[in-house]
Amino acid sequence: MAGLRLGPLLRYVDWDAGGSATIWVEADRPCTAEVRCADGAGGSVRTFQIAGHHYALVPVTGLTPGDTVAYEVLLDGVRVWPLPDSAFPPSTITTPAVAGPGRPAPGLRVTFGSCRQAVPPADGRGRHGPDALDTLAARLAADPAAVRPDLLLLLGDQVYADHLSRETRQWIAARRDLRDAPGAQVADYEEYTRLYYESWLDPEIRWLLSTVPSLQIFDDHDVVDDWNTSAAWLAEMRATPWWQERVLSGLMSYWVYQHLGNLSPAELEADALYGAIRRTPDGTDELRAFAASADADPGTVRWSYRRDFGRSRLLMVDTRAARVLAEDGRAMLDPAEQQWLRENALEGHGGYDHLLIGSSLPWLMPPLIHDAEAWNAALCRGERGPRWARIGEDLRRRSDLEHWAAFPASFSALSDLIEEVGTGPRAPATVCVLSGDVHHAYVAEPLIPSTARVFQLTCSPVHNSIHTAVKLGFRLGWSRAGRWLGRGFSRHGRTGRPPLSWRRTGGPWFGNQLMTLALAGRTARLRLDQAHKGGRGDKRARLVTVLDRDLTAQE
């Protein structure tokens, strides 16, 4: 009898007609995966196989727009979800009401963050404190009537291939010698699956992901710290004996566990790779060839994607695999990816009220850090000669100087696009760049003559920690003294001033946290919740709201 190894995860929910969804599952053997809803909606599909693992993305049809319906999962006709004696509320699918005459487009509540280590690593980096996503799940499970997010947006570092928990490290040590490279890091596809089990089998997280749709994108730790930071870095990694298997396994597992669920049923139906894998008894070779092609030539695949939610548009941008690393042409996005972003931002301009740009890496950083990254980019491309170029490369790797500011042409291009979208009578009410990565949260606003309100909304981590020295560095980065120091970097690197100015209007906040952006009509409201330990009388962690702000109110 087939068993459920992982899932279910509610991934796609249709916002156009409101009648379909997709549910991701992993089984322990080949089988037919089926979803049955209480109102008669449902769907079924055969599993596909990758490296001895069996997966299905079940299309659910016949849903009623504007309704919430419980569902169950069956494998070969036997119910495997909900789990027996589950203490959690039923897993449900909520479909939005379809807009029409007298019915405005439904609002959208997006909860987002990044950098979640399910279990603190075994390398002595300190305690993480309560998990914000786990705490959210526990709160929602305890109060079925509570308002839930319409969408979880997970902005990178869903798993950490390079910082393993004690339990995962022991599990890997039982299958290979940790004295061999890459040591106490993930080496292959099977070890990647262990990371997802550790992260998604947490009971609260498992229930939350089964009932709130999620969209995801990778960042560096999903493969390795500082992934694709520079051409020199990549050349050194490719020269190691373990890198090829690591990057191929990282891309393969990302495609299975994260990327497929980002796609709509129509996109899945048109995906040649997905079709080929489903038609063969074992799709490992096809997926491995795809990953090898994607690694050798990132232009052969697009990890970025677009989703429209009524009158809100989300463009999730790949800021890792789509980079151009040559020092004389460094770009965060290759030309085709930059064109994709531009076309999708401007298509139907005036037909949406809010534009969300999901970027794992922040666009607007603390000014000192922005100037340091632009200075470093100038050094590395030889502005101050070969010696400074070598120093710059070393600094880049040691200090993670690889955000948008480290790709000056890309920073300018994104800034120009945001100003173009946000200006004029057809401008949306807001343009928000949603980011994570930097282990603190803040709100920043560019000083540009736009019609729309434009924001950098950064929220990180969901569950991680930050060294005191780094925390002090971020505070300095936002300070007046930091701005003065940044100007010194600019003069030395001959970079000039940034093409725009910005100011911090919220934060910085440190701790495990989640932001929620509530969009309705042409209004936008932002809330930041932090996970705090419970008191003596109640040991359960709780979410504490530290910011609740109307982003569209006139100041």
Without hydrogens or angle criteria, can the side chains of Glu34 and Thr32 be said to hold a donor-acceptor pair below 3.5 Å?
no
Below 4.5 Å, heavy atoms only, C-beta onward: do Leu153 and Leu356 meet side chain to side chain?
no
To the nearest 0.5 Å, atom CZ of Arg11 lies from atom CG of Asn262 at 5.0 Å
The side-chain hydrogen bond (donor to acceptor under 3.5 Å, both in side chains) partners of Thr64 (sequence neighbours excluded) come to none
Just verifying a value: how many Å separate His53 NE2 and Thr193 OG1, rounded to the nearest 0.5 Å?
4.0 Å
Ignoring hydrogens, what is the shortest heavy-atom contact between Leu75 and Leu4? Give both atom names and the distance.
CD1-N, 3.8 Å
Should the ring pair Tyr254 and Phe218 be called parallel, tilted or perpendicular, given that the plane angle runs from 0 to 90° and is split at 30 and 60?
tilted
How close do Pro362 and Ser435 get, counting heavy atoms only, and between which atoms?
CA-OG, 3.4 Å
Does a donor on one side chain sit under 3.5 Å from an acceptor on the other, for Gln338 and Ser410?
no
Please name all residues satisfying side chain to side chain contact (heavy atoms under 4.5 Å, CB included) with Ala146, sequence neighbours left out, ordered by chain then number.
Leu140, Asp143
Supply the atom-to-atom distance Arg311 CZ to Leu519 CG, rounded to the nearest 0.5 angstrom.
12.5 Å
So, the side chain of Glu267 versus the backbone of Ser264: is there a donor-acceptor pair under 3.5 Å, distance only?
yes
Would the distance check show the side chain of Asp220 and the main-chain N or O of Trp227 forming a donor-acceptor pair, the cut-off being under 3.5 Å?
no
By salt bridge (charged side-chain N to carboxylate O under 4.0 Å, His left out), which residues pair with Arg246, not counting sequence neighbours?
none
Got Val443 and Leu547 here, is their nearest side-chain heavy-atom distance under 4.5 Å?
yes
Is there a side-chain contact between Ser249 and Val186 in this structure, where contact means two heavy atoms from C-beta onward sitting under 4.5 Å apart?
no
What heavy-atom pair brings Gly436 and Thr458 nearest, and what distance separates the two atoms?
O-CG2, 3.8 Å
Looking at residues at least two apart in the chain, or sitting in another chain, which of them share a side chain to side chain contact (heavy atoms under 4.5 Å, CB included) with Arg139?
Leu136, Arg527, Asp529, Leu543
For residues 271-284, which residue pairs qualify under salt bridge (charged side-chain N to carboxylate O under 4.0 Å, His left out), counting only residues two or more places apart or in two chains?
none
Suppose we screen for salt bridge (charged side-chain N to carboxylate O under 4.0 Å, His left out). Which residues come up paired with Arg323, at least two apart in sequence or across chains?
Glu402
Here the pair of heavy atoms bringing Ser20 nearest to Leu63 is C-CD1, 3.8 Å
Euclidean distance, Phe112 CZ relative to Leu434 CG, rounded to 0.5 Å:
4.5 Å
Plane angle bin for His221 and His163 - parallel if under 30°, tilted between 30 and 60°, otherwise perpendicular:
tilted
Main chain of Ala345, side chain of Tyr352: is a donor-acceptor contact present, judged purely on distance under 3.5 Å?
yes
Taking Asp28 for its side chain and Gly3 for its backbone only, find out whether a donor-acceptor pair lies under 3.5 Å.
yes
Do any N or O atoms from the side chain of Gln456 and from the backbone of Trp363 form a donor-acceptor pair under 3.5 angstrom?
yes
Minimal non-hydrogen separation, Thr61 against Ala41, with atom names:
O-CB, 3.2 Å
To the nearest 0.5 Å, what is the distance between CE (Met365) and OH (Tyr442)?
5.5 Å
Sorted by chain and number, sequence neighbours left out, side chain to side chain contact (heavy atoms under 4.5 Å, CB included) with Ala132 holds for Val462, Asn512, Leu514, Ala531
Calculate, to the nearest 0.5 Å, the distance between atoms CG and OH belonging to Leu268 and Tyr12 respectively.
10.0 Å
Show me the pairs that pass ring pair (Phe, Tyr, Trp, His ring centres under 6.0 Å) and involve residues 55-74, at least two apart or across chains.
Trp24-Tyr55, Phe48-Tyr55, Tyr55-Tyr257
Within the supplied structure, the quantity of interest is the number of heavy atoms (other residues, nucleotides, ligands) at a distance under 6.0 Å from Glu269 CD; does it exceed 12?
no
Heavy-atom donor-acceptor pair, Thr111 side chain to Thr516 backbone, under 3.5 Å
no
Quick one: list whatever passes side chain to side chain contact (heavy atoms under 4.5 Å, CB included) with Arg306, sequence neighbours left out.
Asp308, Arg313, Leu315, Trp340, Asn344, Glu347
Is it true that Asp318 and Arg302 have a side-chain N and a carboxylate O under 4.0 angstrom from each other?
no
Can a donor-acceptor pair be found between the side chains of Ser360 and Thr319 at a distance below 3.5 Å?
yes
Is there a side-chain contact between Arg342 and Glu420 in this structure, where contact means two heavy atoms from C-beta onward sitting under 4.5 Å apart?
yes
Is there a donor-acceptor pair closer than 3.5 Å between any side-chain N or O of Ser199 and the backbone N or O of Leu195?
no
As a quick check of understanding, evaluate salt bridge (charged side-chain N to carboxylate O under 4.0 Å, His left out) for Arg522 and Asp353, giving each step before the final call.
CA-CA 6 Å; Arg522 292 182 66 82; Asp353 293 324; 3.2 Å; yes
Taking atom types as modelled and ignoring hydrogens, do the side chains of Trp404 and Ser359 form a donor-acceptor contact shorter than 3.5 angstrom?
yes
Are side-chain heavy atoms of Trp255 and Leu273 found at a separation under 4.5 Å?
yes
Between the side chains of Trp81 and Ser86, does any donor sit under 3.5 Å from an acceptor?
no
Between Thr552 and Ala524 (side chain of the first, backbone of the second, donor and acceptor by atom type, cut-off under 3.5 Å), is there such a pair?
yes
Can you check whether Gly521's main-chain N or O pairs, donor with acceptor, with His354's side chain at less than 3.5 Å?
yes
Set of ring-ring contact (aromatic ring centres under 6.0 Å, His included) partners for His463, sequence neighbours left out:
His128
Heavy atoms of Val25 and Ala33 approach each other most closely as CG2-CB, 4.0 Å
Could you note down all residue pairs passing side-chain hydrogen bond (donor to acceptor under 3.5 Å, both in side chains) where residues 146-158 supplies at least one of them, sequence neighbours left out?
Thr92-Arg148, Arg148-Thr211, Gln158-Gln258
Distance-only check: which donor-acceptor pairs under 3.5 Å involve side-chain atoms of residues 287-298, not counting sequence neighbours?
from   : atom 1 : to     : atom 2 : distance (Å)
Arg288 : NH1    : Glu245 : OE1    : 3.4
Arg288 : NH1    : Glu245 : OE2    : 3.3
Arg288 : NH2    : Glu245 : OE1    : 2.7
Ser293 : OG     : Thr300 : OG1    : 3.3
Asp297 : OD1    : Gly299 : N      : 3.1

I'd like to know whether CZ of Arg109 has more than 12 heavy-atom contacts from other residues, nucleotides or ligands below 6.0 angstrom.
yes
Heavy-atom donor-acceptor pair, Asp437 side chain to Leu361 backbone, under 3.5 Å:
no
